[in-house]
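Comments concern the structure below.
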Amino acid sequence: MRAKNHLYTALQAIVADLDLEWPARTTIEPPKEKKFGDMAANIAMVLAKPAKRNPRELASLIAEKLIEDPMIDNVEIAGPGFLNITFSVDFWRSTIAIIEERGESFGSIDQGKGKKVQVEYVSANPTGPLHIGHGRGAAVGDSLARLLRFAGYDVHTEYYINDAGRQMLILGQSVLFRARQIEGEDLPDPEDFYRGDYIKDIAQEVLEQHPDLLKKDDALEVCREYALNQILDGIKTDLAEFRVEHQNWFSERSLVTAGAVEKTFNRLKEAGLAFEQDGALWFRTTEFGDDKDRVLRKSDGSLTYFASDIAYHDNKYDRGFELNVDIWGADHHGYVPRMRAAVEALGKPKDSFDVILIQLVNLLRNGEQIAMSTRAGQFDTLEEVVKDVGCDAARFMFLSRKSDSHLDFDLELVKQKSMDNPVYYVQYANARICSVLRKAAERGIAVPEKATPEILSAIKEASELDLIKLLDQFEDVVDSAARQLAPHQISFYVQELASALHSFYANNPILNAKDENVIAARLCLLQSVSKVIRNGLNLVGVEAPESM
RNA sequence: GCGCCUGUAGCUCAGCUGGAUAGAGCAGCCGCCUCCUAAGCGGCAGGCCACAGGUUCGACUCCUGUCAGGCGCACCA
């Protein structure tokens with residue numbers, strides 16, 4: 001980032017000097033090949049047309065000025081007019097001192113400028129334990145929240161509890177039904193009930209607490225409330241085990257009782273966007289590009305899920321969130337256009353609402369698919385999976401793929417402590433560094449307190465500089481990942497860095513180096529690498545053990 | 001029928017708002033531990049970026065169409 005920023009400022013000054021406008025399509029990025037230098041800029045090419053000049057000619061003009069910069073060692077013009085820039089060794093050396101100084105906060109940026117963002121995720125109906133699909137959403141949501149915080153946003157996380165609808169009723173009925181069976185009533189299994197073992201457990205517990213349950217008038221309500229609380233507690237525990245935390249748990253019921261839904265209806269009516277027809281209340285979402293209008297209040301007087309969802313989002317805006325990110329299962333994608341329509345109807349900017357769709361997780365064991373269905377009661381719960389493969393491995397797996405692609409989650413593969421499993425590869429890189437530091441202490445080799453310019457002056461080899469250049473890119477990755485709401489980019493970066501470290505480690509002696517100045521400098525370098533790996537892993541919520 | 005997502009090496013996937021010779025891991029083959037952790041490193045091989053057009057200095061990336069897979073199209077949640 002520092003290299004990129006440095007070039008940006010330098011180039012902007014030069015362009016202004018030439019009396020030209022800064023072209024929006026300028027890119028400054030590390031080139032694929034080392035022979036093209038540390039950074040490549042396409043500025044001369046994108047500037048050529050508006051300036052009505054030959055790109056290579058412009059390039060040499062810019063190069064002449066750029067080379068005067070003391071931080072820049074070399075500028076070359078290549079191909080159709082690329083500027084290939086090489087920074088001085090001193091410029092790179094100082095990166096280590098910067099990382100050391102910034103520590104935990106190295107990599108954090110001010111992209112968000114304190115913008116208030118809400119990330120709402122998981123929000124699974126509290127009708128049963130979380131399964132692995134929820135786990136993916138949980139990992140992505142949690143990591144996204146960490147990432148956005150790191151990128152300078154004021155992030156609030158929330159779980160929306162659908163505790164008001166029909167599903168809750170069915171849940172209560174399911175528990176009551178099991179309770180009756182336990183009490184000896186001979187009943188056939190109904191079709192659309194929840195029938196997992198957890199329902200029986202809950203029924204058993206309710207009966208223990210209320211021996212006279214079946215005689216109560218409010219037996220159904222008792223069952224429903226008890227089940228809701230039990231299941232919600234279970235969900236909270238499972239999430240905590242998965243290192244996922246929501247700052248706020250928002251109840252749908254609280255919305256309904258507070259009259260928020262009616263308030264939202266009125267807003268829509270006033271805007272002429274809600275109308276009565278066939279005894280139902282409709283929302284004219286077609287005004288905003290939806291393919292049909294949607295019902296808010298059914299003709300039987302009950303509310304649709306959509307209605308309370310609009311009210312919920314209205315409420316988010318009332319709480320001052322400038323950006324609302326929802327993380328949904330991809331099977332809800334048809335719901336996105338109408339929700340966008342609702343946001344627009346409420347008079348909020350289009351880009352203040354975003355949805356990340358999480359594609360299906362295919363749970364496999366040794367390549368064979370395991371079926372999942374909450375209703376049928378045969379599923380692998382998140383709890384089981386986390387216990388089985390470990391939190392780190394599970395999280396890293398979920399975050400090693402962009403969220404809109406399908407994910408094969410093979411329990412055996414994720415469990416393997418081998419090269420098939422990138423999470424260990426990354427953790428091992430850090431553990432190796434820690435090991436070297438331990439070894440240094442054993443051998444009585446002093447690890448420098450501070451990476452001073454004198455110590456760093458021993459850094460001169462390409463292998464060392466390459467590592468540093470990669471460290472400098474961490475902030476760029478954070479920037480890009482946050483902008484695109486794509487935490488998986490962090491996983492990939494951290495793997496790349498681990499790979500560079502392993503390679504460096506294998507090919508360069510550290511404690512065994514001949515020169516003690518080199519040893520000191522390399523120890524500083526390794527500490528920086530370790531710091532960046534840890535900061536990166538922290539963003540995906542994976543631990544960095546000191547030994548493995 | 002309409003809409004959304006996906007299609008990149010044998011397998012699992014990256015590829016940032018279009019940039020130089022398309023990358024990684026695994027699997028395969030060949031090497032590397034008297035030395036800081038071999039959960040590692042180096043090398044070889046592997047590609048019509050689903051297909052066909054278009055846009056431009058330049059396309060895996062953008063547009064159109066076709067094909068294939070997944071998902072969704074309720075006064076369900």
Side-chain angles (χ1 to χ4, degrees), chain A residues 24-25 27 29 31-33 35-36 40 42 45-46 48-49 55 78-82 84 125 127 162 165-168 170 192 277-282 291-292 294-306 308-309 329-337 357 359-360 362 367 400-408 410 413 416-429 431-440 442-443 445 476-477 479-481 483-484 486 488-489 491-492 495-496 498-499 501-513 519 522 526 547-548:
Chain A
R25 293 183 50 208
T27 57
E29 54 192 8
K32 281 176 198 162
E33 295 210 37
K35 66 176 179 188
F36 295 133
N42 67 348
M45 282 138 74
V46 287
K49 205 176 259 179
F82 282 103
N84 294 329
N125 282 348
T127 53
N162 290 116
R166 207 171 72 92
Q167 295 304 314
M168 278 298 100
I170 297 177
D192 59 344
Q277 189 183 308
D278 306 328
L281 182 68
W282 294 72
D291 50 4
K292 59 174 290 197
R294 306 290 172 176
V295 172
L296 295 169
R297 194 198 302 111
K298 297 180 241 176
S299 48
D300 67 2
S302 65
L303 298 173
T304 60
Y305 183 85
F306 186 40
S308 52
D309 231 8
D331 52 342
H332 289 73
H333 73 255
Y335 203 72
V336 176
L357 294 171
Q359 276 295 348
L360 207 77
N362 237 341
S400 292
R401 222 122 296 187
K402 56 183 175 197
S403 35
D404 52 10
S405 66
H406 294 256
L407 169 67
D408 285 340
D410 192 313
L413 220 63
Q416 274 176 40
K417 301 201 170 181
S418 72
M419 295 192 287
D420 291 350
N421 205 341
V423 66
Y424 297 110
Y425 184 83
V426 176
Q427 290 181 323
Y428 184 47
R432 264 186 152 167
I433 295 172
C434 295
S435 170
V436 171
L437 295 172
R438 279 193 299 271
K439 209 61 139 195
E442 276 173 35
R443 294 190 191 175
I445 296 171
D476 297 285
V477 175
D479 184 65
S480 156
R483 223 173 273 288
Q484 295 173 62
H488 75 274
Q489 290 181 14
S491 311
F492 281 89
Q495 284 182 67
E496 196 184 342
S499 166
L501 183 276
H502 286 310
S503 175
F504 180 82
Y505 178 91
N507 296 307
N508 300 279
I510 295 141
L511 300 177
N512 296 336
I519 296 177
R522 287 187 175 167
L526 288 209
S547 70
M548 291 171 73

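A, B, ... follow the sequence lines: proteins, then strands. Residue 1 opens every chain.
- Summarising the geometry, the separation between CG on L501(A) and C1' on C36(B) is reported as 12 Å, rounded to the nearest angstrom.
- For H502(A) and R432(A), the side-chain atoms include at least one donor-acceptor pair closer than 3.5 Å.
- Regarding contacts with the backbone of G25(B), every side-chain N or O of Y424(A) stays at 4.0 angstrom or more from both OP1 and OP2.
- The phosphate of C36(B) has neither OP1 nor OP2 within less than 4.0 Å of any side-chain N or O from H502(A).
- We find that the ring of F82(A) and the base of G19(B) do not stack by the test of centres under 5.5 angstrom and planes tilted less than 30°.
- In this structure, Q484(A) atom CD and A14(B) atom C1' are separated by 12 Å, rounded to whole Å.
- A distance of about 46 Å separates the P atoms of C29(B) and U64(B), rounded to the whole Å.
- As a whole-Å value, the separation of Q489(A) CD from G15(B) P is 6 Å.
- Taking side-chain N and O atoms only, S499(A) has no distance below 4.0 Å to OP1 or OP2 of G25(B).
- When the C1' atom is used for both U8(B) and A68(B), the distance is 15 Å, rounded to whole Å.
- At a cut-off of 3.5 angstrom, the base of U21(B) holds at least one donor-acceptor pair with the side chain of K35(A).
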Its contact letters, B for base, S for sugar-phosphate only and - for none at protein heavy atoms under 4.0 Å, make nucleotides 72-77 of chain B read S--BSB
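- Regarding the sugar-base torsion, C33(B) falls in the syn class, its angle being within 90° of 0.
- The side chain of V436(A) has C36(B) as its nearest neighbour among G19(B), G40(B), C36(B).
- Where stacking is scored as ring centres under 5.5 Å apart with planes under 30°, F36(A) registers as stacked on the base of A20(B).
- The NE2 atom of H406(A) sits 6 Å away from the C1' atom of C5(B) (whole-angstrom rounding).
- A gap of 15 Å separates the C1' atoms of U17(B) and A59(B), to the nearest Å.
- The interatomic distance linking D408(A) (CG) with C13(B) (P) rounds to 5 Å, in whole Å.
- G23(B) atom C1' lies 13 Å from atom CD of Q495(A), rounded to whole Å.
- One P atom belongs to G1(B), the other to G47(B), and the distance between them is 36 Å to the nearest Å.
- Under the 3.5 Å distance criterion, with hydrogens and angles disregarded, a donor-acceptor pair is assigned to the side chains of D300(A) and S302(A).
- Here, U34(B) and A27(B) have their P atoms 24 Å apart, quoted to the whole Å.
- S503(A) comes within 4.0 angstrom of the backbone, heavy atoms only, and of no base.
- Residue F504(A) contributes atom CZ, which lies 13 Å from atom P of G42(B) at whole-angstrom precision.
- Among the protein residues, A40(A) comes within range of the nucleic acid bases, having at least one heavy atom under 4.0 Å from a base atom.
- To the nearest whole angstrom, the two P atoms, one in G25(B) and one in G42(B), are 8 Å apart.
- As a whole-Å value, the separation of L437(A) CG from C36(B) C1' is 10 Å.
- At A14(B), one or more side-chain N or O atoms of S405(A) fall inside 4.0 Å of OP1 or OP2 (strictly under the cut-off).
- With sequence neighbours left out, the side chain to side chain contact (heavy atoms under 4.5 Å, CB included) criterion links Q484(A) to S480(A), A486(A), Q489(A).
- When base pairs are accepted only as Watson-Crick or G-U wobble with both N-N or N-O distances under 3.5 Å, RNA chain B takes part in stems of 3 or more pairs at B:1-7 with B:67-73, B:10-13 with B:23-26, B:28-32 with B:40-44, B:50-54 with B:62-66.
- The two residues V295(A) and F306(A) have their closest heavy-atom pair at O-CD2, 4.2 Å.
- Looking at heavy-atom distances under 4.0 Å, P55(A) makes no contact with the nucleic acid at all.
- Nucleotides U61(B) and G3(B) place their C1' atoms 23 Å apart, quoted to the nearest Å.
- Of the P atoms belonging to G72(B) and C51(B), the separation is 29 Å, rounded to the nearest Å.
- If you check G42(B), C5(B), A38(B) against the side chain of Y505(A), the one that comes closest is A38(B).
- Side chain of M548(A), nearest nucleotide from A39(B), G19(B), C41(B): A39(B).
- The side chain of R432(A) places no N or O atom within less than 4.0 Å of a non-bridging phosphate oxygen (OP1 or OP2) of A39(B).
- Nearest-nucleotide mapping onto RNA chain B: of E29(A) and N508(A), the residue sitting toward the 5' end is E29(A).
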